[in-house]
Amino acid sequence: MEIPVNVKMRVYKFGNKAADGNSKMKNLLGGKGANLAEMSAIGIPVPPGFTITTEVCTEYNLLGKDAIVEMIKEEVETSIFNIENLMGTSFGDKENPLLVSVRSGARVSMPGMMDTVLNLGLNDEVVLGLAKKTNNELFAWDSYRRFIQMYGGVVLGMKPESKEDIDPFEEIMEHLKEKRGIKLDTEFTVQDLKDLVYDFKDAVKKRTGHDFPTNPWDQLWGAVIAVFNSWKGDRAVYYRKMHGYPADWGTAVNVQAMVYGNMGNNSGTGVCFTRDAGTGEDVFNGEYLINAQGEDVVAGTRTPQQITKLGSMRWAELAKVDEEDRLKNYPSLEELMPKIYSELNGYQEKLEIHYKDMQDMEFTIQDGKLWILQTRNGKRTGAAMVKIAMDMFKQGLITEKEALLRIEPSKLDELLHPVFDPKALSNAKVIAQGLPASPGAATGQIVFFADEANKYKYTILARIETSPEDLEGMNIARGILTARGGMTSHAAVVARGMGKCCISGAGALKINYKTRTLKVDDKVYHEGDWISLNGSTGNIIEGKVATSEPELSGEFAELMKLSDKYATMQVRTNADTPNDAKIARSFGAQGIGLTRTEHMFFEVDRIKAMREMILSDTVIGRKHALEILLPMQRADFEGIFEAMQGLPVTVRLLDPPLHEFVPHQLETQRSLAEDMHITLEAVKIKVAELEEFNPMLGHRGCRLGITYPEITEMQTRAVIEAALNLKERGITAKPEIMVPLIGTLTEFESQKAVIEETANKVFEERNDSIAYSIGTMIEIPRAALIANKIAEHADFFSFGTNDLTQMAFGYSRDDASKFLPIYLEKGILKVDPFEVLDQEGIGQLVEMATERGRSVKPNLKVGICGEHGGDPSSVEFCYRTGLNYVSCSPYRVPIARLASAQAAIKATL
Ligand code: ADP
Ligand code: MG
Ligand code: MG
């Protein structure tokens with residue numbers, strides 16, 4: 001009797017309205033494979049094919065090529081047979097050949113990160129058969145030369161040798177074009193293409209020492225393995241690091257029957273989006289080229305045409321193409337092939353409704369028949385992300401909660417960057433215009449090579465076109481400018497994904513890499529010259545343009561309102577000045593979680609008094625200096641309390657080690673000595689005295705207030721008097737005085753006593769009073785351990801997770817840069833614990849202290865004020881732990897508000 005065994009499937013087939021997989025299987029089939037399966041199953045015309053799973057990629061990394069081929073050979077052969085049946089062609093056949101593409105596809109899309117080979121299965125004999133069968137020699141030889149070019153680059157490693165060089169195959173083509181006096185690839189004759197194939201193969205032999213492989217099965221395995229290898233290539237590794245994707249995901253391999261967009265004028269290929277990926281506008285849009293294949297559209301070598309008539313008209317206006325020229329040379333697909341267009345339009349509607357998200361699709365028209373080759377949730381800018389989510393919610397496509405969950409909190413950051421000041425913009429000198437490929441405002445110095453993007457502090461990367469090799473530099477540059485390429489070019493797509501300002505296809509620019517210049521008409525700009533890009537209009541501007549603060553408006557404001565509907569945990573801000581407080585309020589902060597009083601002492605007129613205070617040996621001397629500081633500090637508090645209008649404000653008492661305030665340069669030491677009427681020597685001795693071996697663990701925090709209670713007295717007086725002054729003006733202030741860095745209960749009690757005594761004294765003097773509270777930071781592990789004892793006396797806790805992380809990990813924050821990057825690289829730590837709260841370890845201290853604190857005081861107010869308050873995953877942790885609020889820098893307030901709402905929604909799912 002046969003026992004059925006569960007054999008693990010490593011190859012999944014799709015095609016002809018059926019599929020082994022579906023869109024939920026992205027981890028196994030990769031995004032591309034899963035969606036090809038899904039599309040096939042819902043009746044979208046997808047060329048048949050199969051997907052080799054990501055697990056095989058991981059197995060390959062362990063076992064190597066031979067073992068893997070052995071393992072999946074049978075499944076692959078059966079799957080090829082399946083394609084042959086569906087297509088009525090045969091792989092490697094000399095009369096009726098099946099050609100395939102071999103495409104990579106990880107879980108998440110990594111545009112241009114990995115490699116694809118088209119037209120695989122051709123050799124000197126098969127090409128003749130293909131020509132005969134299609135009665136199209138030009139097409140057959142064009143496909144062959146493309147195949148050798150791609151296979152050579154991807155599988156045989158034939159890449160340019162240095163950055164000034166071009167692709168070795170492109171070089172051969174350029175040569176021939178020059179010789180023949182032609183400009184475009186489409187102008188090659190059959191003989192030209194035959195010559196190219198010959199020269200290409202020759203170049204392969206010379207560079208690799210081997211003949212170009214002729215056996216289609218050898219070609220297939222070579223390509224499959226190359227796709228697996230590309231997962232470990234530099235580009236892919238960099239992209240993964242940038243997005244924090246783990247290395248063990250692996251990529252799937254998709255093998256799919258070729259459909260040909262290069263069969264003549266009734267064929268073509270294109271890319272389209274169901275909505276605008278730059279602005280989010282709900283309009284179908286995209287680009288296509290007639291008689292073209294694969295990446296031709298995005299490569300930027302020919303000017304792509306628009307899919308819709310609306311898009312075409314808009315494009316013509318920007319490109320300064322008149323209507324006659326447009327209709328003749330650049331008609332939209334809608335105008336040129338109305339039937340195909342309406343079929344495509346039907347699919348885009350169907351797919352967007354099916355996936356309930358904006359889709360980014362690829363299609364090919366083969367001799368009047370439309371095929372869809374890919375769909376995925378499209379990459380988009382932060383602005384488009386917000387608009388699309390809100391629009392889809394209003395259109396009833398998704399629910400309120402889905403809309404909120406759809407937003408990537410940290411991507412809101414893009415909307416919070418400064419924008420060009422409208423006034424400055426109206427005076428700006430526009431030197432040229434390109435396509436508004438990715439909105440935003442960027443000013444920087446011109447560089448021409450991606451690996452020089454950090455040559456100046458702010459750079460604009462100017463390229464004829466970009467390629468995946470440029471990714472790292474594109475990420476560093478402030479903005480990206482290309483002379484060629486359309487709205488779906490590599491530069492445009494990648495920039496939108498990064499939320500980086502980009503102008504593409506600025507045809508008026510003549511970029512010369514050798515002289516490192518950019519020429520517009522007769523004016524020449526050199527490397528290092530300043531320019532500005534307005535990614536929303538496509539305007540390229542000479543010099544710098546002033547910027548102004550962004551605003552919460554439109555869909556962004558609506559989104560924030562919706563967030564507040566669900567968020568139960570509050571968001572406060574860390575603000576040290578009235579201006580910061582105002583900005584944070586405009587972003588929706590519900591209070592101040594941390595005012596660092598020391599920042600107020602660094603201003604010129606104050607630092608002097610501060611230094612006098614620190615350097616004096618007597619209580620009297622210190623009190624004298626503090627009296628000078630008191631009115632300044634009081635005025636600061638009044639400003640902040642006023643800006644917050646009745647919202648709570650947590651004021652932390654002086655925290656940093658005193659040596660940070662004293663002068664370390666001879667000049668300043670001398671002038672201080674004069675001011676204080678003491679000798680330079682005395683100043684030097686005092687400064688030396690303040691030196692500490694480990695200042696982070698030294699004389700700082702409440703230790704200052706305990707050794708010099710008069711500091712705490714002055715600060716308390718400033719807070720209480722400020723609040724009373726506002727009360728007289730009819731404004732409510734809600735001060736919360738916070739004692740930093742306690743490790744024992746007695747430390748807290750001693751400071752609390754000073755604060756209460758001082759406050760009472762002020763109330764008596766003024767014959768008036770206000771409500772205020774006294775709490776403490778929990779930032780020393782010992783404080784977390786005795787939280788129940790502290791809570792008996794403290795009104796609130798605020799976790800200082802920066803110090804808590806420092807002390808519990810034992811990593812000095814000031815020295816961590818020596819080893820943390822290496823830790824991250826080696827995978828000792830997954831993320832920087834100073835950026836993302838370590839939930840496993842530090843998180844326990846937070847949970848425990850909250851629990852212990854509330855065990856004696858159930859309503860104890862608990863918040864967090866470290867850098868982590870603005871990190872979405874940490875915000876979610878704080879919500880789960882039951883904190884009352886998180887506090888973060890003003891520009892992160894909207895991010896934290898959304899993260900707080902998302903945490904609350906996730907808890908109900
Ligand atoms: P990427 O992940 O970089 O987008 P793809 O695998 O999608 O790479 O393929 C690159 C290009 O080749 C795309 O334009 C795609 O539409 C095209 N292509 C891939 N497979 C086929 C095929 N079987 N027939 C025709 N064109 C294809
Ligand atoms: Mg590609
Ligand atoms: Mg693709």
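Computed from a predicted structure; not experimentally measured. Start at 1 with the first residue, then count along the sequence. Counting convention: from 1, in listed order, for ligands and their atoms alike.
Proximity of Ala257 to ligand 1 is established by a heavy-atom distance of less than 4.0 Å.
Of all protein atoms, those that are N, O or S and lie under 2.8 Å from the Mg ion (ligand 3) total 2.
Glu170 contributes atom CD, which lies 6.5 Å from atom NZ of Lys177 (distance to the nearest 0.5 angstrom). Separating the OG atom in Ser438 from the CZ atom in Arg496 is a distance of 6.5 Å, to the nearest 0.5 Å.
Contacts of Glu362 with ligand 1, taken as heavy-atom pairs under 4.0 Å, involve the side chain alone.
For the side chain to side chain contact (heavy atoms under 4.5 Å, CB included) criterion with Val227, the lone passing option out of Val117, Thr251, Asp115 is Thr251. Here the options are Leu122, Val197, Asp192, the test is side chain to side chain contact (heavy atoms under 4.5 Å, CB included), and the partner is Trp141; only Val197 passes.
Looking at ligand 1, you'll find an N or O of Ser101 within less than 3.5 Å of one of its N or O atoms. Considering backbone and side-chain atoms together, Gln374 places an N or O closer than 3.5 Å to an N or O of ligand 1.
Interface atoms of ligand 1 facing Gly294, defined by a heavy-atom separation under 4.0 Å, are 11 (C), 12 (O), 14 (O), 17 (C). Against a heavy-atom cut-off of under 4.0 Å, Lys32 is close to the following atoms of ligand 1: 1 (P), 2 (O), 5 (P), 6 (O), 7 (O), 8 (O). Numbered from 1 in the order shown, with element, the atoms of ligand 1 that lie under 4.0 Å from a heavy atom of Leu118 read 12 (O), 18 (N), 19 (C), 20 (N), 21 (C), 27 (C). Close approach of ligand 1 to Thr116 is summarised as follows: ligand atoms under 4.0 Å from at least one heavy atom of the residue are 5 (P), 6 (O), 8 (O), 9 (O), 10 (C). Here is the list of ligand 1 atoms found below 4.0 Å of a heavy atom in Val259: 24 (N), 25 (C).
Applying the side chain to side chain contact (heavy atoms under 4.5 Å, CB included) rule to Thr269 yields the partners Ala292, Val297, Thr364; only residues at least two apart in sequence or on another chain are considered. Remark: Phe188 pairs with no residue by the ring-ring contact (aromatic ring centres under 6.0 Å, His included) rule, at least two apart or across chains. Listed by chain and number, the residues in a side chain to side chain contact (heavy atoms under 4.5 Å, CB included) with Glu125 are Lys94, Asn123 (sequence neighbours excluded).
For an aromatic pair to be called close, the ring centres must be under 6.0 Å apart, and Tyr151 with Phe212 satisfies this.
Between Phe284 and Tyr341, the angle of the ring planes lies from 30° to 60°, which puts this pair in the tilted group.
Side-chain atoms of Asp142 and Gln293 form no donor-acceptor pair, as typed in the model, at a separation below 3.5 Å.
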